[in-house]
Enquirer: 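Have a look at the structure that comes next, please.
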Amino acid sequence: MERSPHMTSQQFRDAGKRLIDWIADYYEQVESYPVLAQVVPGQIHKSLPPDPPQPGENFDTILAAVNDKIMPGITHWQSPNFFAYFPANTSEPSVLGDLLSSGLGIQGMLWATSPACTEVETLVLDWLAKMLALPETFLSTGKGGGVIQDSASSSSLCAVLAARERATAFRSNEDGCRDELVAYTSTQAHSSIEKDVKIAGIGRRNLRLIDVDARFAMRPELLEKQIEEDKRAGKIPFIVCATTGTTSSLAFDPLEEIGRICKKHNLWLHVDAAMAGTAALCPEFRHIHKGLELADSYCFDAHKWMFTNFDCSCFYVADRESLTRSLDVLPEYLRNQATGSDAVFEYRNWHVPLGRRFRALKLWFVIQHYGVEGLQSLVRRHVELAQIFLRWLQADSRFEIMAAAALNLICFRLKASDELNEELLRRLNHSGKVYLSHTRLNGKYTIRFCVAQTKTELPHIERAWNVIRSEADLLTSTPRS
Ligand code: PLP
């Protein structure tokens with residue numbers, strides 16, 4: 001009899017156990033790797049065979065190639081010494097939830113194709129809304145509800161699409177997009193908003209970037225002035241995308257004022273809280289959401305700071321009808337007894353893809369494992385550690401703080417040229433001991449230090465500070481203060 005190409009059940013058990021051991025070992029040893037992959041472009045590609053194997057390989061060979069060929073090209077986002085960009089902090093329960101989702105291998109494109117996939121997602125997103133004390137309008141028990149998207153970029157795209165349809169009495173879908181539609185965001189908003197506006201056919205020239213104040217928050221008076229000017233010019237202002245925790249400096253747009261302007265002029269308000277939203281788990285940080293009850297949609301990424309692996313962007317709408325009406329298409333082959341009934345959610349109408357993984361499982365595992373209290377204590381600790389780092393920086397007169405330094409992101413630079421700061425960052429990252437990233441604030445090259453890795457603790461912050469100071473010693477002639 002011909003040998004089956006499949007793994008036997010026993011081979012799968014053995015390989016699976018070894019892989020879990022491999023991941024557990026990886027987490028234990030992650031600090032022994034340089035945080036930033038120290039490879040040159042093309043190196044990984046060249047190290048692998050140009051053609052696929054004809055007879056398949058055994059698991060030992062596959063795992064050996066992972067160790068020898070793939071691992072050198074990994075930047076270790078799960079290292080507690082990772083302080084760059086924004087986090088992607090996973091956790092053991094999340095990995096297991098994701099594995100279970102892969103194992104079940106379901107495709108939850110319709111409620112009927114796996115009712116649990118839809119219903120657990122609705123439940124967990126309601127849990128989360130309560131955990132973050134989001135406005136009740138976002139709960140699925142009313143007119144709103146939440147859905148998991150792959151990324152904040154997709155969440156804001158759906159907001160733009162629903163807003164476009166609402167503003168045009170759902171005619172854009174039928175007749176094409178109208179050139180007069182105008183969207184608004186701040187100069188500090190994430191680039192995904194610009195991308196969304198392009199994808200949605202609004203056109204980049206119809207996106208207004210509103211100037212910010214000294215804290216990098218949108219200036220509402222300029223927003224209103226621009227809306228009025230656009231209206232006078234015969235345009236149709238339709239959406240404001242505000243940010244709760246900007247990428248560059250974690251600035252918070254004033255949602256209350258912006259929300260009032262949106263209500264007055266009948267604009268959709270979307271709030272992008274990609275990383276910072278998680279902070280609202282803790283009552284003492286919920287001020288970041290002040291005014292959120294005026295929003296039409298909101299998103300935060302559990303895959304950034306809530307110990308849940310990518311991808312898991314949580315997107316909420318206050319009026320799900322606007323969203324589903326904008327995205328609904330129902331071909332014959334998707335019809336079933338439940339379609340059209342109000343008894344179930346059909347999440348395929350809440351985002352761009354039809355197909356959907358059981359992503360709620362990993363969130364459910366995370367929340368079940370840590371509990372609300374466990375998650376709160378971890379977030380508090382990250383903020384505390386970032387603020388300790390801030391105090392050390394403030395005590396060293398060679399450095400300047402470049403932004404408000406709220407929560408877990410500290411933006412700083414040496415009081416020196418951009419070139420010297422660039423060199424400082426290059427050396428830090430090249431050392432492999434830490435990984436930080438940069439931005440530009442008020443025209444100046446600025447280094448960002450974001451504390452949110454799952455296992456980051458005080459010794460990691462101390463080590464990072466020592467590396468930063470040592471490199472600063474070498475680069476500046478000014479002695480430490
Ligand atoms: N919005 C903000 C404020 C962000 O900081 C980011 C990523 O840094 C994004 C959106 C995009 O996130 P995603 O990768 O989930 O699309």
Side-chain angles (χ1 to χ4, degrees), residues 75 77 82-90 94 128 132 146-161 183-200 207 209-210 212 215-218 239-253 255 258 269-280 288-289 292 295 297-316 351-353 357 359 362-363 382 386 403-404 406-411 435-441 446 448-453:
T75 287
W77 285 70
F82 184 101
F83 303 104
Y85 304 105
F86 42 82
N89 65 2
T90 188
S94 170
L128 268 177
L132 301 184
V147 63
I148 300 177
Q149 306 255 359
D150 55 4
S151 64
S153 308
S154 299
S155 296
S156 45
L157 172 63
C158 289
V160 170
L161 294 172
Y184 303 79
T185 196
S186 90
T187 54
Q188 295 293 308
H190 190 262
S191 55
S192 52
I193 305 299
E194 181 181 330
K195 197 187 227 180
D196 296 336
V197 159
K198 290 201 291 181
I199 297 169
L207 174 65
L209 299 181
I210 305 300
V212 293
R215 295 169 74 91
F216 303 105
M218 190 194 287
I239 189 170
V240 176
C241 294
T243 315
T244 290
T246 57
T247 313
S248 278
S249 67
L250 218 66
F252 299 96
D253 289 340
L255 301 183
I258 295 172
L269 173 59
H270 174 66
V271 176
D272 172 9
M275 179 180 78
T278 294
I288 63 171
H289 283 157
L292 189 59
S297 56
Y298 167 84
C299 99
F300 87 101
D301 286 349
H303 64 237
K304 285 195 164 73
W305 195 10
M306 222 191 85
F307 311 93
T308 307
N309 47 315
F310 188 83
D311 50 351
C312 196
S313 181
C314 302
F315 177 58
Y316 290 89
H351 51 44
V352 174
R357 304 180 66 230
R359 285 180 292 212
K362 59 189 172 195
L363 253 182
H382 284 154
L407 300 178
N408 62 334
L409 178 70
I410 312 297
C411 297
Y435 185 24
L436 284 70
S437 59
H438 82 282
T439 188
R440 202 166 273 282
L441 292 174
T446 300
R448 296 167 72 264
F449 187 83
C450 185
V451 184
Q453 234 325 299

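Heads up: numbering here begins at 1 and tracks the sequence. The shown structure was predicted, so the numbers you read here are calculated from the model rather than taken from an experiment. Order of appearance sets the numbers: ligands from 1, and atoms from 1 within every ligand.
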Enquirer: Tell me whether the centres of the aromatic rings in Y298 and H289 are closer together than 6.0 Å.
Expert: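 Yes - the distance between ring centres of Y298 and H289 falls below the 6.0 Å cut-off.
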
Enquirer: Measure across G277 and F300 and return the closest heavy-atom pair with its distance rounded to 0.1 Å.
Expert: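 Taking every non-hydrogen atom into account, CA-CB, 4.0 Å.
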
Enquirer: Just by distance, do the side chain of T446 and the backbone of C411 share a donor-acceptor pair under 3.5 Å?
Expert: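 Judged by distance alone, no pair lies under 3.5 Å.
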
Enquirer: Could you tell me if the side chain of M275 sits less than 4.5 Å from the side chain of L250, heavy atoms only?
Expert: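 They are in contact (side-chain heavy atoms under 4.5 Å apart), so the answer is yes.
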
Enquirer: Could you check whether D150 pairs with R357 (Lys NZ or Arg NE/NH1/NH2 to Asp/Glu carboxylate O, under 4.0 Å)?
Expert: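 Between R357 and D150 there is no salt bridge, as every charged N stays at least 4.0 Å from the carboxylate O atoms.
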
Enquirer: Note down each nitrogen or oxygen pair, ligand 1 side and protein side, whose separation is under 3.5 Å; give only atom names and the distance to 0.1 Å.
Expert:
{"unit_1": "ligand 1", "atom_1": "1 (N)", "unit_2": "D272", "atom_2": "OD1", "d": "3.3"}
{"unit_1": "ligand 1", "atom_1": "1 (N)", "unit_2": "D272", "atom_2": "OD2", "d": "2.6"}
{"unit_1": "ligand 1", "atom_1": "5 (O)", "unit_2": "T247", "atom_2": "OG1", "d": "2.8"}
{"unit_1": "ligand 1", "atom_1": "12 (O)", "unit_2": "K304", "atom_2": "NZ", "d": "2.9"}
{"unit_1": "ligand 1", "atom_1": "15 (O)", "unit_2": "A152", "atom_2": "N", "d": "2.7"}
{"unit_1": "ligand 1", "atom_1": "15 (O)", "unit_2": "D301", "atom_2": "OD2", "d": "2.8"}
{"unit_1": "ligand 1", "atom_1": "15 (O)", "unit_2": "H303", "atom_2": "NE2", "d": "3.3"}
{"unit_1": "ligand 1", "atom_1": "15 (O)", "unit_2": "K304", "atom_2": "NZ", "d": "3.3"}
{"unit_1": "ligand 1", "atom_1": "16 (O)", "unit_2": "A152", "atom_2": "N", "d": "3.3"}
{"unit_1": "ligand 1", "atom_1": "16 (O)", "unit_2": "S153", "atom_2": "N", "d": "2.9"}
{"unit_1": "ligand 1", "atom_1": "16 (O)", "unit_2": "S153", "atom_2": "OG", "d": "2.5"}

Enquirer: Once the angle between the rings of F82 and Y435 is folded into 0 to 90°, is it parallel (under 30°), tilted (30 to 60°) or perpendicular (over 60°)?
Expert: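 It falls in the perpendicular class, over 60°.
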
